[in-house]
Each structure stands twice: as structure tokens, then as C-alpha cells.
Amino acid sequence: MGDLIDLRSDTVTRPTAGMRRAMADAEVGDDVYGEDPLVNALEERVAGMFGHEAALFVPSGTMGNQIGMRLVCEPGQEVLCDADAHVVTYEMGAAAAIFGISTRTVVSQGGRLDADQLIAQVRPKTDWHLTATAAIAVENSHNRGGGLVQPLDQLQKLWDWSRANDVAVHLDGARIWNAHAASGVPLDTYGRLADTASVCFSKGLGTPVGSVLVGSAARIATGRLWRKRLGGGMRQVGVLAAACHYALDHHLPRLGEDHEHAQLLAKRLGVDPSSVETNMVVLDDVAAPVIAEAAKAQGVLVSQVSARRIRLVLHLDVDDAAVDRAADVLAPLLDR
Ligand SMILES: Cc1ncc(COP(=O)(O)O)c(C=O)c1O
């Protein structure tokens, strides 16, 4: 595996030497008893960063999203989101399978949030003929949208409308760090435009595992029950929280490098750099399986999103030299 350049996802990173040391040195306690000092500190830290009262450390972004949505939506009600949202595409129907939550989708322009389009689809809680829309889920940055950053004015518009109309907003912020690094919008600005938000440490920030769900104190207290019910109560997980603290200190400030690498790669591959907003490069209208096989044979792994689309994701384990080599391998295969 040593020489492989893995551009399939930013989840493939391995903990750095510094992160491993922080994990090894972690003071720990039993987190189900609320006694793990680094988990408690992480929850407080992340809640503060996003302008929320409380937070809950969970094993995965999927658990963060699903508990987050359950906290703002009752069984038999619906969550509305775009058709390419991670919460309805890649989370195994969890909202329905586990919580009895219905989901309804609108087809967006490549994942970009259009507040009016979503608002037009909301079904009121006051009409007993209709499945009530309790919440709207938003993803930022947008995975299937190629890492696009949601426009702040649309987030604000949706939020303002939601306050007046008794509809909650859940943010899938698995890569909110990338959105923040690219747009300069403060994390707490994004956080304050959502009732619940799930943020991940195991993507661009490079930890082996871990996500944090933020919300009001009351909601997070209920979320803690759901986490336990789902088997997500963890014990001496200060070793993981230590990795998250390390990532906030050392990896959050460097995310811009991944974005620069994405720009470089895009230019080398003839992709319009303006289509690259964060750490992903999308190759459209290509023979995805053929290219993926040929690239793999030369030590470059890519992700096939569909038969005609490839996704390349830049991350902590891809340095300048790797970007160069990936471009050398991929450019001739693209026939551009
Ligand atoms: C946008 C988005 N949300 C949520 C998740 C789920 O995270 P996890 O794999 O930790 O469950 C992912 C995973 O890649 C993601 O890309």
C-alpha cells in the first residue's frame, strides 16, 4: 500500500505520528458515566465553536446525522432534503428503518441549496391530511455536489423562514471545516443557522473515528439516550477525543492546502477550477471504470461515483509530490 496515492476519499487518512502520540498520552475515564475528561472537553469545545449549548461525541457522521434528525423530527413526520444528500443516499435508510421518520427529496442543481425550492415543498404540521415536514436537512460542503460550499445567503434565508414557520434545520456538516476554510464564514455562523449539526473528525481533519453532534442542552440530553440505545455509548474514548483535539489544533488550520492541491490537480486535468470549491475534483463525462482501473494499475486510486463520473479527494496524506504524480497518471487517461 506504501506507494499508492489514494484519492478515493478524505476518510482514508491514517493518524499522523503527532496524533498517535496524543492518543497514546490521553488521560481517560468511562464516557458512559460522563467521566472521560477529554471527551467532556471536546464536547464543550465543539459546542462553543459552533455557538451551541451542548454537544455529543458519537462514533460516526451517520450516527450524528440520524440522531440529529430524530431530535428535530418525530416518527411519522418527514425530513425534507435534496435528492443527493448523504442522509438519504448513503445512510442505509436509517431515518425510516430506525426512527420511523419519512424523508422527501427535491432535485437540486448539483447539491446547491435553493431555499425557496425547499420552502415551496414544506408540508405544514397543521394540516391533518399531510405528512408534516418537521425539519429540513442541509449538507455543507456537499459531498455528491463535488465539495461545493452552500451559499450563506441561502442558509440564512432558510433559517429565517424556518424560525417563522416552526420547521427545524439539521446541518450535515461532515465537511463544514472545508466550507469554513474555503468561504471564510466563521464556524459559529454556520452553527447558528441550524438547530442540530453533525460535524466529522474522520474526513478532512484526519482522525481515525469520531463525530460530534451539537444542539441545545435539552436536545443533546435526549441525544445521549439515543446514542446509548443505538449502542453508541463508548467507554475510555479519550484516546479518540485526544485525536480530535489534536486535529482541531493541527489539521484544521491546514485544510487550505488540500484546497490548493485540488485546484492544482483540476488545472492539470483540464477541469474548470471554478468548479472546485474545496478538496474535491469531479471528472465528468469520462469512462469511469476504464480510467479507474488504469489509474489503479499505476498506483492511483480514484472513486467512481457513476459510470461517467470520477471523484478525486485531496487530503492530509496527499502532498505536493503525490498531486504531481496523480496528475501525471490521470492526465493521459482523460484524453483531454
Ligand atoms: C456529507 C457526509 N455526511 C455524513 C457522512 C457519514 O459519515 P460516517 O462515514 O462517519 O458515518 C459522510 C461520510 O463520508 C459524508 O460525506
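Atoms within a ligand are numbered from 1 in the order they appear, just like the ligands themselves.
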**OP:** Could you tell me which atoms of ligand 1, counted from 1 in the order shown, lie closer than 4.0 angstrom to a heavy atom of R175?
**Re:** 1 (C), 14 (O), 15 (C), 16 (O)
Subject >> Element-labelled atoms of ligand 1 that are located less than 4.0 Å from some non-hydrogen atom of N65 >> reply: 3 (N), 4 (C)
Original post:
So, for M280 and N143, which heavy atoms are closest and what is the spacing to 0.1 Å?
Top reply: SD-O, 3.8 Å
Original post:
Is there a heavy atom of K203 sitting under 4.0 angstrom from any atom of ligand 1?
Top reply: yes
Original post:
Taking the non-hydrogen atoms of E91, is any one of them nearer than 4.0 angstrom to ligand 1?
Top reply: yes
Original post:
With respect to atom 2 (C) of ligand 1, which of H86, H142, M92 exhibits the smallest heavy-atom separation?
Top reply: H86
**OP:** Using modelled atom types only, decide if a donor and an acceptor are shared between the side chain of K125 and the backbone of D166 within a distance under 3.5 Å.
**Re:** yes
Original post:
Is S211 reaching over with its side chain to a backbone N or O of S198, donor-acceptor style, under 3.5 angstrom?
Top reply: no
For ligand 1, which is the ligand I care about here, please tell me if [X] has any N or O atom under 3.5 Å from one of the ligand's N or O atoms.
X	value
A174	no
N143	yes
D172	yes

**OP:** Give me the ring orientation class for H251 and Y246: parallel if the planes are under 30° apart, tilted from 30 to 60°, perpendicular past 60°.
**Re:** perpendicular
Original post:
Do N65 and H86 have a side chain donor and acceptor closer than 3.5 Å?
Top reply: no
Original post:
Quick one: nearest non-hydrogen protein atom to atom 1 (C) of ligand 1, plus distance?
Top reply: E139 OE2, 3.3 Å
